[in-house]
Amino acid sequence: MSLRRRIEEKLTQAFHPERLMVINESDQHAGHQPEFDGGGETHMRVRIVSSAFTGMSRVARHRAINDLLKPELDAGLHALAVEPAAPGEATRW
């Protein structure tokens, strides 16, 4: 199973989102390091809308997602951009 799919499943099980996008942005980082060609699944963006975030601060939302995905970060996920929102809040997507 791909890392993107594993992240989607974990977020779905934990937060039951109304909307969820997990975007592999690794290719946008090609050349940032001499040995990195932009392949693989090293840079991910999570866009998620869930009622689980209602009443939570932005920092608490990020911590909840980072805590959930700690095994993936420890296993080599280099960058994780997080855009969490509660239903009814403005999103950029």
Side-chain angles (χ1 to χ4, degrees):
M1 175 185 307
S2 72
L3 176 60
R4 185 190 60 77
R5 184 71 189 128
R6 195 163 60 246
I7 290 171
E8 285 175 346
E9 286 187 4
K10 282 185 148 188
L11 292 169
T12 297
Q13 289 175 1
F15 300 111
H16 308 285
E18 292 181 9
R19 290 182 12 198
L20 173 64
M21 292 177 63
V22 178
I23 305 159
N24 183 352
E25 297 182 336
S26 302
D27 63 329
Q28 297 174 20
H29 299 273
H32 289 186
Q33 297 291 327
E35 67 281 354
F36 185 63
D37 65 0
E41 294 180 301
T42 58
H43 297 71
M44 297 289 184
R45 177 172 303 275
V46 169
R47 292 178 171 159
I48 183 170
V49 176
S50 171
S51 60
F53 299 133
T54 301
M56 291 176 74
S57 71
R58 184 175 175 185
V59 170
R61 294 171 184 186
H62 280 255
R63 283 185 182 147
I65 292 169
N66 285 334
D67 288 348
L68 179 69
L69 300 179
K70 186 177 184 328
E72 286 72 21
L73 289 160
D74 290 345
L77 177 58
H78 176 72
L80 179 65
V82 180
E83 299 177 27
E89 294 179 348
T91 61
R92 297 186 309 167
W93 50 290

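The residues of the chain are indexed from 1 along the displayed sequence.
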Subject >> V46 vs I23, side-chain contact (heavy atoms from CB on, under 4.5 Å): CA-CA, chis, key distance, verdict >> reply: CA-CA 7 Å; V46 169; I23 305 159; over 6 Å; no
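- Between R61 and E89 there is a salt bridge, since a side-chain N of the basic residue sits under 4.0 Å from a carboxylate O of the acidic one.
- The only option from K10, R5, R6 that meets the salt bridge (Lys or Arg N to Asp or Glu O under 4.0 Å) definition with E8 turns out to be R5.
- Closest of all the heavy-atom pairs between A86 and F53 is CB-C, 4.0 Å.
- Between S50 and P17, the closest heavy-atom pair is CB-CA, 4.0 Å.
- Heavy atoms only, all atoms of each residue included: L77 and H43 are closest at CD1-N, 4.1 Å.
- Interatomic distance, CD1 of I48 versus CG of L11, reported as 5.0 Å (0.5 Å rounding).
- Here the shortest heavy-atom pairing between S57 and A60 reads OG-N, 3.0 Å.
- Closest approach of R19 to T91, counting heavy atoms only: NH2-OG1, 3.5 Å.
- The shortest side-chain heavy-atom distance between M44 and I7 falls under the 4.5 Å cut-off.
- The shortest heavy-atom contact between W93 and L20 is CH2-N, 4.3 Å.
- Just one residue in the list L68, D67, D74 forms a side chain to side chain contact (heavy atoms under 4.5 Å, CB included) with K70, and that residue is D74.
- Within the 4.5 Å cutoff, side-chain heavy atoms of L69 are placed close to those of E72.
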